[in-house]
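Written out below as structure tokens is the structure these notes cover.
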2 protein chains.
Amino acid sequence: MTVTGIMVDSAGTIVPRPGGLPEEPTQASRFGKARTAQSGALLEDYVELISDLLGSAGEARPTDIARRLGVSHATAIKTIGRLKREGLALAKPYRGVFLTETGETLASRVRARHRVVVDLLLAVGVPREAAEQDAEGIEHHVSDTTLAAFDRFLRR
Amino acid sequence: MTVTGIMVDSAGTIVPRPGGLPEEPTQASRFGKARTAQSGALLEDYVELISDLLGSAGEARPTDIARRLGVSHATAIKTIGRLKREGLALAKPYRGVFLTETGETLASRVRARHRVVVDLLLAVGVPREAAEQDAEGIEHHVSDTTLAAFDRFLRR
DNA sequence: GACAGAGTGTAGCCTAGGCTACACTTTCAC
DNA sequence: GTGAAAGTGTAGCCTAGGCTACACTCTGTC
Ligand SMILES: [Mn+2]
Ligand SMILES: [Mn+2]
Ligand SMILES: [Mn+2]
Ligand SMILES: [Mn+2]
């Protein structure tokens, strides 16, 4: 049995089958994009957190970052190294972590998206704590298109 | 400056600060749970796909799984090995992949959740293709509580 | 029944992201 | 100013999840 991914509707038009398997290249591309989104998730959480710490405490130290994220300080320091390599952060030994322009810009977008995702979840009836929890993972998979839709929904 | 994560509202009651940083252990726990959810994501996608292939084509071969996921067949075979180790799949050399009872049960739940997530996105105004794309990542971070809320929202 | 092509499996390599252990630097109290 | 505590950095280990290359098995055609 072959899966074609299309069907003919009641008016005789050929449309994608909503219930069945998507076309193979389409599905592969979706999975691939989801993997890509995931690989950016950790960096997004780091810049958002660093920006928050800089704003509220005036500094972002590796140990504080590590405690907030629930990882060891060694793990945090290694990831901060990656942030530096990718041009998102600046840090000199024993002097705390700062964000580049690029890093701050990313942090702002990530923070705004985080807020919208939480608000959307609350708006459709998700309890507060579940919304806060699930948003932490969901946010990294919300595209600009979807974010815009969430925004429109919240404003009406 | 210290971040306490609480505030006093207009009635004099102490409440969590909605805008600021969450309490440290709370935030660490959220990040930790998001990491846990993520680590299950790949297995969920595999069992859902294998179940779909078994249903529509009658068999699930490593190459087909690989093509659908957009990875090499070697990667797929390695992951199928992990599914076996975790008691979700059964496979004998050159004889295709099957799901255990546990695997089928997981597949059903994952498929149902996938559908609800897509429907929720559509219901709040996300365009079809963005909904299908983003759901592929979002689904793995939707808790039972949130899923139930989505369900209620869709039924009203 | 041979053999070509498709499918399968294994080996070996890589990076990301966890960890612990240990050594070094800084800071703060006295 | 010194010494202890806190913080920082490095080394080395692990697993998951990618990849390519290569060898083996199966299947369908002639
Ligand atoms: Mn997050
Ligand atoms: Mn976030
Ligand atoms: Mn998925
Ligand atoms: Mn799915």
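The structure displayed is predicted, hence computed values, not measured ones. Note: hydrogens, waters and symmetry copies are ignored here, and every other heavy atom, side chains too, is used.
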Nucleotide [N], atom [atom2] - distance to [atom1] of [X] in whole Å:
| X | N | atom1 | atom2 | answer |
| --- | --- | --- | --- | --- |
| B:Leu43 | D:dG18 | CG | P | 11 Å |
| B:Asp45 | D:dG18 | CG | P | 10 Å |
| B:Lys33 | C:dG18 | NZ | P | 17 Å |
| B:Lys78 | D:dA21 | NZ | C1' | 14 Å |
| A:Leu42 | D:dA16 | CG | P | 18 Å |
| A:Leu69 | C:dG18 | CG | P | 8 Å |

Output a table of donor-acceptor pairs, distance under 3.5 Å, between side-chain atoms of residues 29-37 of chain A and any protein atom two or more places apart or on a different chain; print 'none' if there are none.
| residue | atom | partner | partner atom | Å |
| --- | --- | --- | --- | --- |
| A:Arg30 | NE | B:Glu129 | OE2 | 3.3 |
| A:Arg30 | NH2 | B:Glu129 | OE1 | 2.9 |
| A:Arg35 | NH1 | B:Leu69 | O | 3.1 |
| A:Arg35 | NH2 | B:Leu69 | O | 3.2 |
| A:Arg35 | NH2 | B:Gly70 | O | 3.3 |
| A:Thr36 | OG1 | A:Gly32 | O | 3.1 |

> Any idea which heavy atoms bring B:Ala60 and B:Leu53 closest together, and the distance?
Replying inline: CB-CB, 4.0 Å

Are any protein N/O atoms closer than 3.5 Å to N/O atoms in nucleotides 6-8 of chain C? If there are, list each pair with its distance.
| residue | atom | partner | partner atom | Å |
| --- | --- | --- | --- | --- |
| C:dG7 | OP1 | B:Arg61 | NH2 | 3.1 |
| C:dG7 | O5' | B:Arg61 | NH2 | 3.4 |
| C:dT8 | OP2 | B:Thr63 | N | 3.1 |
| C:dT8 | OP2 | B:Thr63 | OG1 | 2.3 |
| C:dT8 | O3' | B:Tyr94 | N | 3.4 |

> How do B:Thr75 and B:Arg85 order along DNA chain D: which one's closest nucleotide is nearer the 5' end?
Replying inline: B:Arg85

> Can you name the residues that form a side chain to side chain donor-acceptor pair (under 3.5 Å) with A:Glu139, not counting sequence neighbours?
Replying inline: A:His114

> If you check the A:Ala74 side chain, which of D:dA11, D:dG18, C:dA11 turns out closest?
Replying inline: D:dA11

>> Which residues pass the salt bridge (Lys or Arg N to Asp or Glu O under 4.0 Å) test with A:Asp52, not counting sequence neighbours?
In response: A:Arg111

> What pairs with A:Glu44 under salt bridge (Lys or Arg N to Asp or Glu O under 4.0 Å), at least two apart in sequence or on another chain?
Replying inline: A:Arg113

> Sequence neighbours excluded, which residues qualify as ring-ring contact (aromatic ring centres under 6.0 Å, His included) partners of B:His141?
Replying inline: A:His141

